[in-house]
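Report on the structure given below.
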Amino acid sequence: PFECEQLYRMAGLHHDLQAQLKRAEVEFDLDAYTQLHERLVRAQRIAFFGEPLQGLQIMGMLETRAVDHERVIILSCNEGLLPPASSEQTFVPFDVRMVHGLPLAKDADALAAYTFHRLVQRATHVHLLAAAEGGDAATGPSRYIAQLEADAVGTNTVITHTAYHAPLAHRTHAPIVVQKDAAVVEQLRKVLAKGMSPSAFGTFLRCPLDFHFKYVMGLKEPDPPGNELSANILGSAVHKALQLACTPLIDKVLTAAMVRGACEGLDDLLHAEGKALCPGLDLRSGHAHLQLHMAAEAMRRSLLADADDITNGTELEFIAFEKDVACDLPEAATLLGSAMRVRGRIDRVDRRNGTYRIMDIKTGSVKPADLKLADWDGELFNAKKEKALQLACYAFMFLNADPTIDALHSGIIPLQKPSLAGTCVLNIHGEDRIHRSSLPAIERVLLDIGRRILDPDVPFMHSTDAQHCAFCASLK
């Protein structure tokens with residue numbers, strides 16, 4: 001049976017692979033071995049064996065040149081497959097090939113035409129199957145079908161057209177629903193009391209089920225296969241390297257030369273941090289090396305943009321990097337029945353032209369429109385505004401930690417386009433500064449999200465709008 005042949009080939013492949021690895025004395029981790037095994041499996045081919053004098057014969061087009069069959073079934077009769085699309089992979093120019101009689105595309109078409117017509121020449125029943133839907137159908141039926149139809153006019157040949165539609169089973173997955181029973185609610189209260197990070201708020205708004213897996217159950221995102229850095233590892237390395245490069249400049253009147261000097265050695269700092277976070281990964285070659293090189297270049301562009309601003313007359317002072325902040329919500333005990341705390345780490349605190357700024361450094365792209373709100377109510381519960389909610393959280397914690405500051409900018413430095421750092425700031429109804437008077441409104445939003453998290457009548461379910469869940473897709 002065909003299944004036995006498949007198992008036999010898999011067993012033989014596995015045996016040969018183990019023998020080769022043992023002979024070469026090479027050890028692979030699980031991810032590398034899986035990729036190698038899958039590549040070898042895809043390269044396997046299983047031939048069809050049968051009695052050559054009876055029954056169904058599966059043959060290639062060239063094999064049929066000297067054989068006559070009564071009934072012929074030809075598959076994939078679509079243009080581009082019959083005849084095959086021309087793929088002249090040669091360095092010899094067309095004119096040179098034509099002058100010296102070398103094979104041309106028309107010769108390949110002539111060979112395919114001869115083989116086809118020779119195959120159907122003495123057959124009494126010919127079945128030509130062409131795809132009407134899908135990728136091959138874009139080119140339409142083969143030209144040979146049209147030619148046979150034209151040649152059949154005025155003859156005894158009967159041509160019929162039949163359309164077949166294969167029924168496809170519709171697979172449905174029962175949605176994963178996590179009810180908030182007493183045990184789940186108790187665990188949620190512990191999560192809120194320990195402290196919700198701005199990222200956790202964003203995850204809940206984007207996909208409640210993903211929030212449950214990550215922050216309630218404590219699942220960890222799998223490492224990417226092969227020699228590649230995950231997004232969170234790369235982000236941590238970037239933040240730490242910037243902290244080390246810029247800490248000597250804290251509380252100093254910055255000059256453009258000082259900031260440009262901080263750009264020196266960024267590659268080595270980033271590589272050292274990446275090595276500390278992933279000691280078993282080769283960071284001097286492959287995808288990981290490209291990731292670190294591109295990240296270092298993005299960090300350098302960001303600092304050079306600061307240096308250019310200073311050259312153009314901007315006063316800039318670094319206050320802190322990777323600053324830990326936290327704040328309790330005193331109204332939580334009354335409204336939620338338990339404590340609630342917000343905590344996080346601000347990537348960079350600076351003072352620009354006398355105004356404090358708390359800046360979140362992002363390795364990805366940011367749209368300034370996602371940071372604009374009409375008011376504090378309503379829009380912050382939209383998953384598309386999760387970055388705005390994160391910036392509001394940072395501003396809430398920082399202003400509560402320092403009563404002497406009345407207003408500040410809360411924004412993002414997108415390393416992909418550092419020139420947009422001045423426009424990527426939280427904007428509320430045209431005001432780009434967060435004032436202390438806005439703290440009650442922000443607290444009200446955070447408490448409302450906490451109430452939604454604890455609501456036992458609303459289970460954790462996957463949000464259909466979420467596209468980048470860390471766990472939902474893998475558990476379907």
Side-chain angles (χ1 to χ4, degrees), residues 177-218 323-346 356 358 360 373-408 410 426 428-429 431 433-461 463:
V177 179
V178 179
Q179 299 293 340
K180 298 177 186 175
D181 56 19
V184 173
V185 172
E186 182 61 27
Q187 183 62 27
L188 289 171
R189 294 189 185 278
K190 292 180 180 179
V191 172
L192 295 181
K194 182 179 179 181
M196 286 277 291
S197 66
S199 298
F201 283 111
T203 301
F204 174 75
L205 294 180
R206 187 170 60 251
C207 179
L209 185 60
D210 212 43
F211 170 84
H212 171 76
F213 288 138
K214 185 173 183 178
Y215 294 99
V216 181
M217 295 183 64
K323 180 179 178 61
D324 291 319
V325 288
C327 179
D328 293 316
L329 304 182
E331 298 295 328
T334 303
L335 298 178
L336 305 180
S338 60
M340 181 174 177
R341 181 179 178 86
V342 289
R343 60 185 176 89
R345 177 173 294 172
I346 300 175
Y356 277 89
I358 51 175
D360 190 20
L373 303 173
D375 52 48
W376 290 111
D377 298 322
E379 281 193 282
L380 282 179
F381 299 105
N382 186 346
K384 295 181 179 180
K385 300 293 185 179
E386 63 171 305
K387 292 184 176 64
L389 177 62
Q390 293 177 11
L391 295 181
C393 287
Y394 287 127
F396 178 80
M397 291 184 286
F398 190 79
L399 289 175
N400 274 289
D402 193 340
T404 63
I405 301 176
D406 184 61
L408 52 76
S410 185
L426 184 58
I428 308 295
H429 196 58
E431 174 60 48
R433 292 196 301 173
I434 310 302
H435 295 268
R436 185 169 296 275
S437 58
S438 300
L439 294 185
I442 300 176
E443 182 178 5
R444 184 171 63 252
V445 171
L446 299 179
L447 288 172
D448 199 0
I449 296 177
R451 180 188 58 79
R452 297 185 184 193
I453 292 175
L454 294 174
D455 189 351
D457 297 328
V458 182
F460 288 118
M461 296 181 63
S463 174

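Throughout, residue positions are numbered sequentially from 1 according to the sequence presented. Worth saying up front: this structure is predicted, and the values here are computed from it rather than measured. Just the heavy atoms: all of them, side chains too, but no hydrogens, waters or symmetry mates, feed the values below.
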Under the ring pair (Phe, Tyr, Trp, His ring centres under 6.0 Å) rule, collect the residues that match up with Tyr356, sequence neighbours excluded.
none
List the residues meeting side-chain contact (heavy atoms from CB on, under 4.5 Å) with Ala326, not counting sequence neighbours, and say none if there are none.
Arg341, Arg343
Which atoms form the tightest heavy-atom contact between Leu454 and Val185, and what is the distance?
CD2-O, 4.2 Å
Once rounded to the nearest 0.5 Å, what's the spacing between atom CG of Asp360 and atom CG of Leu391?
6.5 Å
Is there a side-chain contact between Arg345 and Asp324, using heavy atoms and a 4.5 Å cut-off?
yes
Taking only residues two or more places apart in sequence, or in another chain, which ones meet Arg436 in a salt bridge (Lys or Arg N to Asp or Glu O under 4.0 Å)?
none
Taking only residues two or more places apart in sequence or in another chain, which ones pass ring pair (Phe, Tyr, Trp, His ring centres under 6.0 Å) with Phe211?
Phe204, Tyr215
Once salt bridge (charged side-chain N to carboxylate O under 4.0 Å, His left out) is applied, what residue pairs with a partner in residues 180-202 remain, sequence neighbours excluded?
none
How far does CD1 of Ile358 sit from CD1 of Ile346, to the nearest 0.5 angstrom?
4.5 Å
Applied to residues 441-450, the side-chain hydrogen bond (donor to acceptor under 3.5 Å, both in side chains) test, sequence neighbours excluded, yields Asp377-Arg444, Asp448-Arg451
Exercise: identify the closest heavy-atom pair between Ala388 and Leu426
CB-CD1, 3.7 Å
If you round to the nearest 0.5 Å, how far is CG of Asp455 from CG of Leu188?
11.0 Å
Let me check something: any side-chain donor-acceptor pairs from residues 393-406 under 3.5 Å, sequence neighbours excluded? List them with distances.
residue: Asn400; atom: ND2; partner: Phe396; partner atom: O; Å: 2.7
residue: Asp402; atom: OD1; partner: Thr404; partner atom: N; Å: 3.1
residue: Asp402; atom: OD1; partner: Thr404; partner atom: OG1; Å: 2.4

Say you draw a straight line from CG of Leu373 to CD1 of Ile428; how long is it, rounded to the nearest 0.5 Å?
4.0 Å
Applying side-chain contact (heavy atoms from CB on, under 4.5 Å), run through Leu336 and Leu329 and close with a yes or a no.
CA-CA 11 Å; Leu336 305 180; Leu329 304 182; over 6 Å; no
Would the distance check show the side chain of Asp328 and the main-chain N or O of Pro330 forming a donor-acceptor pair, the cut-off being under 3.5 Å?
no
Can you name the residues that form a side chain to side chain donor-acceptor pair (under 3.5 Å) with Gln390, not counting sequence neighbours?
Lys362
Heavy-atom side-chain proximity of Val178 to Pro459 below 4.5 angstrom
no
Rounded at 0.5 Å granularity, tell me how far SG in Cys207 sits from CE in Met461.
10.0 Å
On a heavy-atom basis, the closest approach of Gly344 and Pro198 is CA-CD, 4.2 Å
Give me the atom names and distance for the closest heavy-atom approach of Leu446 to Met340.
O-CE, 3.3 Å
How many angstroms lie between atom CZ of Arg452 and atom CG of Asp457, to the nearest 0.5 angstrom?
14.0 Å
Would you indicate whether the side-chain heavy atoms of Val191 and Ile453 approach each other to under 4.5 Å?
no
Check Leu389 against Ile449 and note the closest heavy-atom contact, atom names and distance.
CD2-CD1, 3.7 Å
